[in-house]
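Below: one structure, written as structure tokens.
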Amino acid sequence: MCGIIGIASNKPVSINIINSLKKLEYRGYDSAGIATLKDNSIDEKKCSGRVDELEKLLLKSPSNGNIGIGHVRWATHGIPNTVNAHPHSTENVSVVHNGIIENSDDLKKELETKGYIFKSQTDTEVITMLLTESLKNTDPLDSVFKTLSKLKGSFALGIIFKNFSDIIIGARRGSPLAVGYSNEENYLGSDSYALKSMTNKISYLDDGELCVLTKNNVSFYNVKKNKINKKIHTVSDDENVSDKGDYKNFMSKEIFEQPTTAKKCVSEYIDSLKKDINIYNFPIDPKKINKIILIGCGTAYHSCLVAKYWFEELTQIDIEIDIASEFRYRNVKFDNNNLYIFVSQSGETADTAAALEICKKNRVKTCSVVNVVESTIARNSDWVLPIHAGPEIGVASTKAFLGQLIVLYISCLKLSSARNEIDKKTYHQSIENLKKLPEAIKKTLNLETNIQLMAKEFLEARGSMFLGRGSSFPIALEGALKLKELSYLHAEGYPAGEMKHGPLALIEEGLPVIVIAPKDKYYEKTLSNMQEVISRGGKIFLITNNKKVSISENIRFGLRVPYIDDTLTPILLAVPLQLLAYHVALLKNCDIDKPRNLAKSVTVE
Ligand code: M6R
């Protein structure tokens, strides 16, 4: 997704803007640009493609301004090219924008009647023109307020002004924006991660707020134009964040970090002395919870689906799962005795944040399961359960999925215990079993060599299917999502029992079908569904934990993951599917950390 940087300093800023834009590359983008104020004029440079290209432009023709804004763009309105890249500037003002202006067509028509000529196909350029128009009669702050009042949609903005050479104005509605502080230098950033190499002192703008930065000062205003104070947070220093070490890419690093992720997450939530889960202060008395609604997008949604099986197995609580982009527009009936749980790695996903906002408006209790604890979703929810996975840079979510599953499972156990719905022995045994998870994940990762061989079989395929029953069904969905987003190969995740109701028609000679069949209550049924696929020529890749299964000639490949207990099985089954997607993508020479068309943090709806 788009990313914003702004720096007001007492020295040239372009090198630091470029370095910060490189930190934002992980979000996924297609063009980049920078504008600084130099000799009382706006010096704008932009290009399609990578930040490296922009850096080359700056080497040829340096920008020496002490104040500037930079942007990486993920195209929404208009193709990814140089003209559509941000900033969008006139002689007097330059703008970078994250988000979508929904009434841009109407505003454009209005501005065209006043003689404004648009160069790009973007929605952003209307902001530049509106500012240019209002600056004729007023100062920058007032012109920004006037402009914002005309905009519908979501935005985070960074703006510089030719005639006011010491200020950057930032504004937020819907899309996140942070301010960083340092000595004789202040910063604007679409996330704190981009600012981390320069400062760990951060404030976050809330919706409707605006900030004015100079090198020595930052002022904040609310939507009513009153000056306000903002809290300054000290964000944690995560070591090795931007270091791939010996790994080829961040995704493989993150896959192989999973034993550590599991260890950290489990140790954060398990009190080994008391042999208990240290989650307290549920926002609703556990015994009074009527229903839990779990909401997320993409991989986070899949972790919610897995959790549904756990909650139904271990508690008497009614469970509903929802996709955030659907939930936010449905006519949902809210209830004070329901707990609404939002799952999001980034904590910035626009649909999930909007769904949370709706819950807040309806005054129901909310909880978030997030990786980024400083994020909008974490800050806006009543209660936060961090997953402690550390920064996840690869666009494809791996270790965060693992962390989400662990935290959801641990919360489910705790709720079940608080409601006296699990017997003490099972509760304590489940806690002990959780501690075995890191070692079991390590063993699962040892399957990599076999998975590399398996991956070769996907190179000529026209598509693939992932099948599972019970909690292996959402794991099948997740396996299919990983394969399609990384390798661009069509992959369909399906409940194995549903195949005969339609998708069986897709099976043809040699189609790769991944069957996820742990030795649980669905095992025999899943194997029968597998036979139906074999009879129709499907090439089977069986993933199981059954020690007794023999890999017959009808099964092209078999993988055996370790076993701890049935409830932890989906966590272990997810790992080989991550490796499979990774190796298919590697063989196909795909951009592993930045798959085409995708973004890490999806801040538009
Ligand atoms: O940051 P979030 O967890 O809210 O992100 C949700 C999805 O955008 C994300 O999981 C996406 O599906 C990943 N690319 C999957 O690997």
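Throughout, numbering of the chain's residues begins at 1 and tracks the sequence. Note that ligands are numbered from 1 as they come in the structure, with each ligand's atoms numbered from 1 the same way. Bear in mind that the values here come from a model prediction, so they are computed numbers and not experimental data.
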Considering V343, V395, V372 one by one, which has a heavy atom nearer to atom 13 (C) of ligand 1 than any of the others?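 Residue with the shortest heavy-atom distance to the ligand atom: V395.
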Out of G298, S397, S346, who gets a non-hydrogen atom closest to atom 12 (O) of ligand 1? G298
Residue among Q404, Q345, Q258, E257 satisfying side-chain hydrogen bond (donor to acceptor under 3.5 Å, both in side chains) with K399: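 Result: among Q404, Q345, Q258, E257, E257 is the only option passing the side-chain hydrogen bond (donor to acceptor under 3.5 Å, both in side chains) with K399.
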[Y] ring center within less than 6.0 Å of [X] ring center:
X    : Y    : answer
H233 : Y204 : yes
F473 : Y309 : no
Y582 : F256 : no

Does any N or O of ligand 1 fall below 3.5 Å from an N or O anywhere on [X], backbone included?
X    : answer
T352 : no
T349 : yes
L481 : no

Which of the numbered atoms in ligand 1 are below 4.0 angstrom from a heavy atom of [X]?
X    : value
A300 : 3 (O), 10 (O)
Q345 : 1 (O), 2 (P), 3 (O), 4 (O)
A396 : 16 (O)

Is the contact between K482 and ligand 1 made by the side chain, the backbone, both, or neither, using heavy atoms and a 4.0 Å cut-off? side chain
I'd like to know if E478 and K482 make a salt bridge, using a cut-off of under 4.0 Å between side-chain N and carboxylate O.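 Here E478 pairs with K482 in a salt bridge, since their nearest N and O are under 4.0 Å apart.
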Crowding at NZ, K588 (>12 non-hydrogen neighbours, <6.0 Å):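 Above 12, so yes.
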Flag, side chain of R379 to backbone of E374, donor-acceptor distance under 3.5 Å: yes
Below 4.5 Å, heavy atoms only, C-beta onward: do K539 and E457 meet side chain to side chain? yes
Report yes if some heavy atom in the side chain of K22 is under 4.5 Å from a heavy atom in the side chain of D52; otherwise report no. yes
Considering only non-hydrogen protein atoms, determine which one is nearest to [atom] and report residue, atom name and distance to 0.1 Å.
atom                    : result
atom 11 (C) of ligand 1 : T299 N, 4.2 Å
atom 6 (C) of ligand 1  : C297 O, 3.3 Å
atom 16 (O) of ligand 1 : E485 OE2, 2.4 Å
atom 8 (O) of ligand 1  : V602 CG2, 3.8 Å

